[in-house]
2 protein chains.
Amino acid sequence: MATIKDVAQLAGVSFATVSYVLNDSMPVSEATRNKVLAAVTKLGYQPHRQGRNLQRQRTLTIGVLLPQANLLCEVDLATWLLEATNAATSAGYSLLLQPAESQARGDLADGWISFGTPLDPQLPQVWALAPPFDQPAVLCDAAFAAQRAVETLIHSGMQRIGLITLPRSIPGSARWYLGYRRALRQAGLGFDPGLVVEPAANRFHDGVAAYETLAASENDYDGLIVCGHQLATGVVMVDHAKVPVIVSHSSSQRGISGFRWPTELWAHTLVRKLLQQLDGAAIAHRTWLNPSLVIGSLGFKEDLDGFNYV
Amino acid sequence: MATIKDVAQLAGVSFATVSYVLNDSMPVSEATRNKVLAAVTKLGYQPHRQGRNLQRQRTLTIGVLLPQANLLCEVDLATWLLEATNAATSAGYSLLLQPAESQARGDLADGWISFGTPLDPQLPQVWALAPPFDQPAVLCDAAFAAQRAVETLIHSGMQRIGLITLPRSIPGSARWYLGYRRALRQAGLGFDPGLVVEPAANRFHDGVAAYETLAASENDYDGLIVCGHQLATGVVMVDHAKVPVIVSHSSSQRGISGFRWPTELWAHTLVRKLLQQLDGAAIAHRTWLNPSLVIGSLGFKEDLDGFNYV
DNA sequence: ATACTTTATTTAAACGTTTAAATAGACGAG
DNA sequence: CTCGTCTATTTAAACGTTTAAATAAAGTAT
């Protein structure tokens with residue numbers, strides 16, 4: 001691999017000059033700049049990160065704290081990581097994966113990001129190395145989605161709204177419940193615990209079972225919210241859209257209303273915010289990204305205007 | 001952050017001695033060794049990776065080539081990455097994510113891994129930086145699963161076996177088809193294209209549609225193989241187990257036979273193999289990991305012995 | 001006791017880069 | 001023609017390690 005000295009030798013200048021050209025940290029004459037750049041391209045030179053870091057204190061690396069339990073229940077972690085990698089790469093950075101519980105040196109990376117929605121009280125304990133709260137937090141909250149879903153149903157004339165939640169074993173699941181209750185409270189509607197069902201797990205047939213539990217109870221409902229890909233698939237299968245249904249993911253079933261989660265934007269925003277912070281910019285501590293509700297064609301009255309059909 | 005010089009000063013020795021103690025690369029007297037170790041623990045010293053690397057040519061980092069299209073169709077990429085991270089961390093390494101298409105310096109990491117099953121002819125083009133073929137490949141092949149599924153059904157007396165494949169847009173999907181045909185050929189059974197259905201996508205209702213296409217055709221079948229989580233869920237829902245069914249993932253539905261994919265073992269094995277190779281060991285170029293077939297309670301005759309019930 | 005071997009420790013160079021300080025060169029002003 | 005100023009370039013130190021070579025200390029054989 002070509003070093004900066006090779007470039008300097010080929011260009012016939014000292015290697016400090018090469019450094020100045022590449023970082024333009026000092027004025028360099030047009031002639032030598034061209035000589036250097038020619039040598040750089042000829043040798044295919046790329047600076048050696050470890051060497052650079054020794055002096056500059058920049059690893060050009062962003063650390064990702066990876067908890068053993070996946071804290072992302074609404075979006076796909078793999079997609080999130082891929083997009084974060086893309087965002088970092090286009091800024092010249094790389095992503096470094098580290099278990100959240102490990103005791104790695106903090107200066108292994110220039111900054112650390114993490115994901116999930118660190119709003120549930122029991123979540124912080126997951127982070128051992130560095131609490132994500134010190135970092136720029138970009139949040140995408142299911143409570144917002146739940147609230148929006150309830151408000152939409154109310155706006156459409158519903159009064160008794162059922163909720164099939166995520167099982168509480170899933171981190172962050174409580175956000176749905178919180179948003180649901182908050183929306184009811186703000187709308188002045190009472191809370192009926194009989195309208196809320198918590199399935200055993202987030203699987204297809206748990207959704208079916210939860211739905212049947214709700215249907216079999218004496219509690220009448222005129223609208224329904226279902227959390228979780230698998231659960232929603234099961235519910236939608238047996239429900240036949242007798243009442244308006246809003247599910248957590250818009251792709252779950254054609255025609256059903258659901259949310260689109262901004263996975264890519266989330267990852268990109270978080271990486272960008274961190275890089276801005278590293279450059280010394282004072283940034284907002286918390287940025288909220290909202291999932292958008294995609295109104296489907298099934299289960300809603302025709303006159304449902306004022307919403308974002310997609 | 002404490003450096004090796006701080007440790008040396010506190011222990012009252014030269015910093016070379018500290019290095020010798022920590023790497024035990026030279027004999028050191030018991031007395032000084034203790035002094036040094038005491039200083040190390042007192043200061044909480046951890047060696048600075050970038051500094052070490054400059055000399056040693058070891059970044060203690062394993063690069064992961066991340067293609068834009070997820071090549072893993074059978075296992076969850078997020079789990080795979082988490083387990084690879086765990087394996088690397090326990091060996092003192094970190095994982096560095098890099099887009100497969102990027103032109104990063106090869107010496108950014110000590111070695112590179114990638115995943116997927118690079119056996120489909122159209123796959124290699126995805127890898128720009130370094131073809132995974134130079135690295136220790138740990139493969140977990142869907143063709144094996146398909147073959148095993150067909151063999152199991154044949155062994156159980158079936159003759160005309162249906163296949164609902166993954167849509168060809170999914171990388172690696174062809175492996176199922178290949179295994180299916182190979183098994184038929186080896187068993188001396190003819191291939192009937194009417195028994196194979198390719199859905200439009202890997203979604204719940206595509207599974208239902210594919211099943212109905214197969215059922216509506218004049219082609220009789222006495223066993224069925226279904227690929228893909230979502231597809232299988234849909235198929236199993238409408239099928240009611242009239243014939244023995246084997247799906248790609250054992251967790252899809254209770255009682256249905258399916259495969260358990262060794263995600264964790266896969267990631268750990270790949271990382272371990274790479275580390276062994278870095279240590280100079282000559283290792284097998286390709287290691288095969290096989291998914292295990294979990295025979296369910298539905299759809300098989302009672303006398304199905306000789307198989308691994310789980 | 002002297003010379004030689006062995007063992008423990010230190011000195012110093014090296015890795016690839018950045019950057020402060022020194023130097024050389026060109027230009028104007030006196 | 002000399003001095004000072006400005007600009008372009010080089011020299012050298014520094015970053016945190018490893019490791020080859022040098023040195024010191026101790027032990028063994030003569």
Side-chain angles (χ1 to χ4, degrees), chain A residues 1-40 43-61 92-94 104-110 278-279, chain B residues 1-37 39-40 43-61 92-94 104-110 278:
Chain A
M1 291 245 137
T3 77
I4 201 174
K5 296 191 180 178
D6 300 327
V7 174
Q9 189 169 20
L10 182 60
V13 296
S14 79
F15 58 89
T17 305
V18 177
S19 176
Y20 291 140
V21 168
L22 293 174
N23 306 299
D24 54 317
S25 42
M26 280 265 155
V28 174
S29 77
E30 203 55 32
T32 41
R33 156 166 283 118
N34 290 337
K35 277 192 299 183
V36 168
L37 291 179
V40 164
L43 294 176
Y45 167 75
Q46 283 186 272
H48 186 263
R49 274 203 203 177
Q50 283 78 19
R52 153 180 284 172
N53 168 243
L54 218 50
Q55 189 65 345
R56 254 222 194 153
Q57 306 297 59
R58 279 279 178 116
T59 56
L60 290 183
T61 292
Y93 279 71
S94 294
R105 278 182 70 126
D107 63 357
L108 213 58
D110 297 336
L278 291 179
D279 286 343
Chain B
M1 292 246 131
T3 76
I4 201 173
K5 296 192 180 177
D6 300 326
V7 175
Q9 189 170 19
L10 182 60
V13 296
S14 79
F15 58 88
T17 306
V18 177
S19 176
Y20 291 141
V21 168
L22 292 175
N23 305 298
D24 53 316
S25 41
M26 279 266 155
V28 174
S29 76
E30 204 55 30
T32 43
R33 157 167 281 119
N34 289 337
K35 278 192 298 183
V36 167
L37 290 178
V40 164
L43 294 176
Y45 168 75
Q46 283 186 273
H48 186 264
R49 273 201 203 178
Q50 282 78 18
R52 154 180 283 173
N53 167 243
L54 218 49
Q55 190 64 343
R56 253 223 194 153
Q57 306 298 58
R58 279 279 178 114
T59 56
L60 291 182
T61 291
Y93 279 72
S94 294
R105 280 182 69 126
D107 62 358
L108 214 57
D110 296 336
L278 290 179

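As a basis for the values below, the full set of heavy atoms in this structure was taken, side chains included, without hydrogen atoms, waters or symmetry mates. Convention: sequence-line order gives letters A, B, ...; per-chain numbering from 1.
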Side-chain N or O of [X] less than 4.0 angstrom from OP1 or OP2 on [N]?
X     : N      : value
B/N23 : D/dT18 : yes
B/S25 : D/dT18 : no
B/Y45 : D/dT17 : yes
A/S19 : C/dT18 : yes
B/T32 : C/dT9  : yes

Of all the nucleotides listed ([options]), which has the minimum atom distance to the side chain of [X]?
X     : options               : result
B/S14 : C/dA8, D/dT17, C/dT10 : C/dT10
A/L54 : D/dA8, D/dA20, D/dC15 : D/dC15
B/A16 : D/dA8, D/dT10, C/dT11 : C/dT11
A/R52 : C/dT11, C/dT17, C/dT9 : C/dT17

For [X] versus [Y], what's the shortest heavy-atom pair and its separation?
X     : Y      : value
A/Q50 : B/D107 : OE1-O, 4.5 Å
B/Q57 : B/D110 : O-OD1, 4.0 Å
B/Y93 : B/R49  : C-NH2, 4.2 Å

Return the value, rounded to whole Å, for the distance between atom [atom1] of [X] and atom [atom2] of [N].
X     : N      : atom1 : atom2 : answer
A/R56 : C/dT17 : CZ    : P     : 12 Å
B/D6  : D/dC15 : CG    : P     : 11 Å
A/M26 : C/dA22 : CE    : P     : 13 Å
B/K5  : D/dA14 : NZ    : C1'   : 9 Å
B/I4  : D/dC15 : CD1   : C1'   : 14 Å
A/Q50 : D/dT17 : CD    : P     : 14 Å
A/Y20 : D/dT10 : OH    : P     : 11 Å
A/H48 : D/dC15 : NE2   : C1'   : 14 Å

Next item on the list: Map A/M1 and B/R33 onto DNA chain C by nearest heavy atom, then report which one ends up closer to the 5' terminus.
Entry: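 The residue mapped nearer the 5' terminus is B/R33.
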Note to self: Check this for me: does the side-chain of A/Q55 come within 3.5 Å of the base of C/dT17 through a donor and an acceptor?
What the structure shows: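 Side chain to base: no pair below 3.5 Å.
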Note to self: Considering every strand and a 4.0 Å limit on heavy-atom distances, what is the contact class for B/T17: base, sugar-phosphate, or nothing?
What the structure shows: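 Answer is base: heavy atoms of B/T17 come under 4.0 Å of a base.
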Checklist line | Backbone N/O of A/T3 and side chain of A/D6: donor-acceptor pair under 3.5 Å | finding: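 Judged by distance alone, yes, a pair lies under 3.5 Å.
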Notebook entry, point to check: Considering the options A/V40, A/T17, A/V7, which one meets the side-chain contact (heavy atoms from CB on, under 4.5 Å) requirement together with A/L22?
Noted result: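 Testing A/L22 for a side-chain contact (heavy atoms from CB on, under 4.5 Å) against A/V40, A/T17, A/V7 leaves exactly one candidate, A/V40.
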